[in-house]
Amino acid sequence: MDKTQLIAAINKLKKEKNAVILAHYYQMDDIQDIADYKGDSLALSQWAAKTDADIIVLCGVHFMGETAKILSPNKKVLVPDMNAGCSLANSCPADKFEAFTKAHPDHTVISYINTTAAVKALTDVVVTSTNAKKIVDSFPKDAKIIFGPDRNLGNYINSITGRSMLLWDGACHVHEQFSVEKLVKLKEEHPDSLLIAHPECKKTVLIMADFIGSTQALLNYTTTSNKQSFLVATESGILHEMQKQNPNKEFIPVPPNDSTCACNECNFMRLNTMEKLYQCLLTETPEILIDEEIRVKAVKPILRMLEMS
Ligand code: 13P
Ligand code: SF4
């Protein structure tokens, strides 16, 4: 099938099966364009909680599909490629995280949404990069808190809230890869550009940034700013929507360390393709399934987050 036929076939199946397509901003452009809703991790969970579709196709990574299934257990949740994992979620195995929480039993456990269902089941409240500051701020200043699994986001939230949360030592390989050397050079070449960065980036990048925020916050910032040019230090999929909303502004992706590529893509996110999206709607596989005991425990901290957002 060519691209036009694929688009028509996906739309037909979606209608016949009362399916909804939710896509993260880090998906390839064609998938973002065919999605019913596209957004950051928080928006995806909000839509998954309230949709009346029978099937949710989550175009993102595995933990996003799991979150949708946890919130909508009676719906069929599909992901185009089951191998679309996440290095950050993988950096926090549930058994080791459980041992960490047990070693600090007087601590509240706050987990980033980029975790497995089993880690969420050990958590008091889930956060995303959009609401992490607000949720941490809602706890008393002297509250004892464990924050996992992203050390960069955790350090950043500690710095802007004046906390000293205990951090799990995990990270996202995509956001940790930005090259400071290439960034310094880019800044010299584009002195009028603003550097905007996701808080999953290393501190060495964040201290150079003019604005730090979640994927949605970065998008909003570029739209409301009166500046014309931006150096973007996050996964380059978001440039598609930034350019769409701001056709006259310039967006320059910050390159990673160890490649000749000009932009930084998440290899997991990019496993999803239009062909796999079509096959997944056609065959209704691969489907996300979650152990009910874990789901019942994992839904509580996610609902708490949605109430606090
Ligand atoms: P947000 O969608 O919260 O910005 O998170 C970025 C990310 O890395 C998703 O995997
Ligand atoms: Fe995970 Fe990083 Fe990819 Fe997001 S960009 S899915 S945090 S590996």
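Atoms within a ligand are numbered from 1 in the order they appear, just like the ligands themselves.
Under 2.8 Å from atom 2 (Fe) of ligand 2, one finds the following protein N/O/S atoms: Cys172 SG.
The closest approach between any non-hydrogen atom of Phe268 and ligand 1 is not below 4.0 Å. Under a 4.0 angstrom heavy-atom cut-off, Asn114 registers as being in contact with ligand 1. Residue-ligand proximity: His198 is placed with a non-hydrogen atom under 4.0 Å from ligand 1. Put simply, no part of Glu235 is less than 4.0 Å from ligand 1, judged by heavy atoms. Ligand 1 lies less than 4.0 angstrom from a heavy atom belonging to Tyr26.
Interface of Asp40 with ligand 1, defined as ligand atoms under 4.0 Å from a residue heavy atom, comprises 2 (O). Short contacts between ligand 1 and His175, defined as distances under 4.0 Å to a heavy atom of the residue, involve ligand atoms 8 (O). If you number the atoms of ligand 2 from 1 as listed, the ones under 4.0 Å from a heavy atom of Val61 come out as 6 (S).
Here Asp210 does not pair with Lys227 in a salt bridge; the nearest charged N to carboxylate O distance is not below 4.0 Å. Using a cutoff of 4.0 Å between basic side-chain nitrogens and carboxylate oxygens, Lys96 and Asp169 are not scored as salt-bridged.
Between the side chains of Thr234 and Tyr25, not a single donor N or O lies within less than 3.5 Å of an accepting N or O. Inspection of the Asn272 and Gln27 side chains reveals an N or O donor paired with an N or O acceptor under 3.5 Å. With no hydrogens or angles considered, a side-chain donor-acceptor pair links Ser309 and Asn131 at under 3.5 Å. With hydrogens and angles left out, the side-chain atoms of Thr223 and Asn246 include a donor and acceptor closer than 3.5 Å.
Of all protein heavy atoms, the one closest to atom 3 (O) of ligand 1 is Ser129 OG, 2.7 Å. At the shortest separation from atom 4 (O) of ligand 1 among protein heavy atoms lies Thr215 OG1, 2.5 Å. Nearest protein heavy-atom contact of atom 8 (O) of ligand 1 is Glu200 OE2, 3.2 Å.
Scanning all heavy atoms of the two residues, the minimum distance from Asp40 to Ser214 falls at OD2-OG, 3.9 Å. The two residues Val136 and Ile157 have their closest heavy-atom pair at CG2-CG2, 3.8 Å.
Ring orientation note: the planes of His104 and Phe100 are nearly perpendicular, at an angle over 60° on the 30°/60° scale.
Note: an N/O pair closer than 3.5 Å links Ser41 and ligand 1 by distance alone. When only interatomic distances are considered, the shortest N/O to N/O separation between Ser214 and ligand 1 does not fall below 3.5 Å.
At least one donor-acceptor pair under 3.5 Å links the side chain of Thr222 to the backbone N or O of Leu219. With Glu200 contributing its side chain and His175 its backbone, the two residues share no donor-acceptor pair below 3.5 Å.
With a 6.0 Å radius and a threshold of 12 heavy atoms from other residues, nucleotides or ligands, Lys297 has its NZ atom at or below the threshold.
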**Request:** Apply salt bridge (Lys or Arg N to Asp or Glu O under 4.0 Å) to Glu189 and Lys185, showing your working.
**Result:** CA-CA 6 Å; Glu189 287 165 5; Lys185 199 163 168 275; 3.2 Å; yes
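With a heavy-atom cut-off of 4.0 Å, Met64 touches ligand 1 through its side chain alone.
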